[in-house]
K.L.:
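Submitted below is the structure of interest, expressed as structure tokens.
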Amino acid sequence: MPFRPRHRQLEYVVALAETGHFGAAAKRCHVSQPTLSVQVALLEEQLGTPLFDRTRGRVIPTAIGERVIASARSILQALDDIVATAATGADNLGGLIRLGVAPTFGPYFLPHLLPVLHRRYPGLQIYIREERPSVIEREVTAGNLDCGLGPQPLSASVLTFRRLCREAIYLGVGKDHRLADGGSVEIGQLKGERLLTLGRGHQLFESARALAAASGAQVREDYEGTSLDALRQMVIMGMGLSLFPELYARSEFRVQDHIALLTVEGWPATRDMGFFWRAGNNRAAHFDQLARESEGTCRELGLEPG
């Protein structure tokens with residue numbers, strides 16, 4: 001490898017050029033004069049050319065020394081820029097986070113969180129991609145996304161999960177349905193009912209299948225919804241019942257929707273929501289801090305803390 005000056009040697013020659021005196025340059029660099037003198041002489045020897053003319057009471061750069069000193073200043077400025085960039089990133093959770101969000105949670109949570117993050121980390125940019133949780137898990141594992149926000153992933157050994165909250169899941173029925181007036185329903189009362197659900201890859205799909213298996217209800221996979229809004233409209237039309245997560249229900253349901261939200265007795269109707277990232281990711285501290293910042297939003301929304 002060819003010889004390369006050390007950054008301290010570059011600092012010494014720049015200080016010497018600007019002060020014109022070994023003692024003053026040494027004082028600026030917080031070293032002894034002999035140390036600075038030896039390092040400058042060593043650099044000249046390693047480069048094979050004198051950088052300074054030593055005259056009585058004054059040190060003056062040579063012609064080649066002027067060019068070397070100009071380059072040294074540029075290199076030191078570039079090093080300062082690297083430190084400043086890193087500091088900015090540290091102060092802004094890395095500067096950029098590619099975040100995958102579950103469409104059944106992210107759109108109803110992020111509008112409350114993002115203004116807080118923007119105030120606290122003005123240099124932070126968040127690239128948001130809505131996807132099914134199964135796709136987010138795959139993309140985070142592959143490194144195409146930095147972090148995910150959604151239900152607890154299945155790949156526990158590959159992904160680190162930081163729970164934010166435990167969200168209730170309600171059963172939505174039309175207001176004219178036989179079960180609509182009770183506020184809750186026994187799991188056995190759902191036998192034979194038609195359950196509408198989102199497509200595969202959503203945790204709510206698996207939850208609907210689990211509820212059907214426990215209750216004797218039937219999952220209508222021929223009428224899978226593409227979104228929670230679509231499911232809500234189908235429930236209003238009397239096409240079946242469906243599951244709706246707490247935050248979505250509080251954000252989107254209105255009295256005029258003609259839907260009753262019920263709790264299911266004897267069935268664990270909750271889901272754990274949080275951030276997850278690839279295990280061993282060297283930005284884990286950024287994502288963990290992102291989760292901590294999000295806890296206040298959970299409290300403000302009245303969600304059960306993680």
Side-chain angles (χ1 to χ4, degrees), residues 1-99 117-127 140-147 158-160 162 275 277-293:
M1 178 182 293
F3 163 73
R4 289 175 179 168
R6 297 192 300 274
H7 81 278
R8 286 296 283 170
Q9 290 176 314
L10 300 181
E11 289 176 345
Y12 295 157
V13 297
V14 168
L16 186 56
E18 292 177 351
T19 61
H21 190 275
F22 280 97
K27 185 175 181 180
R28 177 187 290 190
C29 295
H30 306 289
V31 295
S32 68
Q33 181 172 332
T35 295
L36 186 137
S37 299
V38 167
Q39 286 299 317
V40 171
L42 178 60
L43 178 59
E44 291 176 316
E45 178 184 340
Q46 291 167 324
L47 293 175
T49 185
L51 302 179
F52 296 93
D53 287 328
R54 284 111 167 130
T55 62
R56 188 178 181 88
R58 184 72 179 170
V59 179
I60 302 172
T62 63
I64 193 68
E66 291 281 8
R67 294 169 60 186
V68 169
I69 290 161
S71 296
R73 286 194 180 99
S74 296
I75 293 170
L76 292 173
Q77 181 61 57
L79 292 174
D80 289 342
D81 289 344
I82 289 173
V83 174
T85 299
T88 300
D91 291 342
N92 288 286
L93 303 185
L96 173 67
I97 295 176
R98 299 171 299 168
L99 180 66
L117 291 177
H118 184 62
R119 286 195 301 270
R120 294 180 183 173
Y121 305 98
L124 174 63
Q125 300 178 57
I126 299 182
Y127 164 77
V140 171
T141 301
N144 298 322
L145 290 171
D146 299 314
C147 189
V158 179
L159 300 172
T160 298
R162 175 75 147 70
F275 288 99
W277 53 89
R278 193 173 65 255
N281 192 312
N282 59 12
R283 294 186 61 193
H286 292 156
F287 308 141
D288 194 62
Q289 181 63 25
L290 177 63
R292 285 197 295 271
E293 296 288 357

K.L.:
Going from CG on Leu36 to NZ on Lys27, what distance comes out if it is rounded to the nearest 0.5 angstrom?
P.N.:
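If I round to the nearest 0.5 Å, the distance is 14.5 Å.
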K.L.:
Going by ring-ring contact (aromatic ring centres under 6.0 Å, His included), name the residues that satisfy it together with Phe287, two or more places apart in sequence or in a different chain.
P.N.:
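Here the qualifying residues are Trp277.
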K.L.:
If you look only at distance, which donor and acceptor atoms sit under 3.5 Å apart when one is on a side chain in residues 11-20 and the other is two or more places apart or in another chain?
P.N.:
unit_1 : atom_1 : unit_2 : atom_2 : d
Glu11  : OE1    : Arg8   : NH1    : 2.5
Tyr12  : OH     : Arg8   : NH2    : 3.4
Glu18  : OE1    : Arg28  : NH1    : 2.4
Glu18  : OE2    : Arg73  : NE     : 3.3
Thr19  : OG1    : Ala15  : O      : 2.9
Thr19  : OG1    : His21  : N      : 3.4
Thr19  : OG1    : His21  : O      : 3.2

K.L.:
Could you grab the distance from atom CG of Leu96 to atom CG of Leu124, nearest 0.5 Å is fine?
P.N.:
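With rounding to 0.5 Å, CG (Leu96) is 8.0 Å from CG (Leu124).
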K.L.:
Search all heavy atoms of Gly123 against all heavy atoms of Asn92 and return the closest pair with its distance.
P.N.:
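Closest approach of Gly123 to Asn92: N-OD1, 2.8 Å.
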K.L.:
Any side-chain heavy atom of Thr160 within less than 4.5 Å of one from Asn281?
P.N.:
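No, side chains not in contact.
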K.L.:
Rounded to the nearest 0.5 Å, what separation is found between the CG atom of Leu93 and the CG atom of Leu117?
P.N.:
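The CG atom of Leu117 is 7.5 Å from CG of Leu93, to the nearest 0.5 Å.
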K.L.:
What residues, two or more places apart in sequence or in another chain, satisfy salt bridge (charged side-chain N to carboxylate O under 4.0 Å, His left out) together with Arg6?
P.N.:
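Counting only residues at least two positions away or on another chain, Arg6 forms no salt bridge (charged side-chain N to carboxylate O under 4.0 Å, His left out).
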K.L.:
Nearest 0.5 Å please: distance from the CD atom of Gln125 over to the NE2 atom of His118.
P.N.:
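Answer for the CD-NE2 pair, Gln125 versus His118, is 10.5 Å.
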K.L.:
Can you name the closest pair of heavy atoms from Pro5 and Leu43 and give their distance?
P.N.:
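For Pro5 versus Leu43, the nearest heavy atoms are CB-CD1, 3.8 Å.
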K.L.:
Could you tell me which residues satisfy side chain to side chain contact (heavy atoms under 4.5 Å, CB included) with Leu42, sequence neighbours excluded, listed by chain and number?
P.N.:
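By the side chain to side chain contact (heavy atoms under 4.5 Å, CB included) rule, Leu42 matches Gln9, Gln39, Glu45, Gln46.
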K.L.:
Can you name the salt bridge (charged side-chain N to carboxylate O under 4.0 Å, His left out) partners of Asp288, sequence neighbours left out?
P.N.:
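Per chain and number, Asp288 pairs via salt bridge (charged side-chain N to carboxylate O under 4.0 Å, His left out) with Arg162, Arg292.
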K.L.:
Say whether, by atom type as modelled, one donor and one acceptor occur between the side chain of Glu44 and the main chain of Leu51 under 3.5 angstrom.
P.N.:
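Flag set: sc Glu44 to bb Leu51 pair under 3.5 Å.
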K.L.:
Could you go through Tyr127 and Asp146, starting from their C-alpha distance and side-chain angles, then the distance that decides it, and tell me whether this counts as side-chain contact (heavy atoms from CB on, under 4.5 Å)?
P.N.:
CA-CA 10 Å; Tyr127 164 77; Asp146 299 314; over 6 Å; no
K.L.:
Are Arg283 and Ile97 close enough that some pair of their side-chain heavy atoms sits under 4.5 Å apart?
P.N.:
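Sidechains of Ile97 and Arg283: in contact.
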K.L.:
Can you name the side-chain hydrogen bond (donor to acceptor under 3.5 Å, both in side chains) partners of Glu293, sequence neighbours left out?
P.N.:
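So Glu293 forms a side-chain hydrogen bond (donor to acceptor under 3.5 Å, both in side chains) with Arg120, Tyr121, Gln289.
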K.L.:
Quick check: does any side chain N or O of Asp53 sit under 3.5 Å from a backbone N or O of Thr62, one acting as donor and the other as acceptor?
P.N.:
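Not confirmed, Asp53 side chain does not pair with Thr62 backbone.
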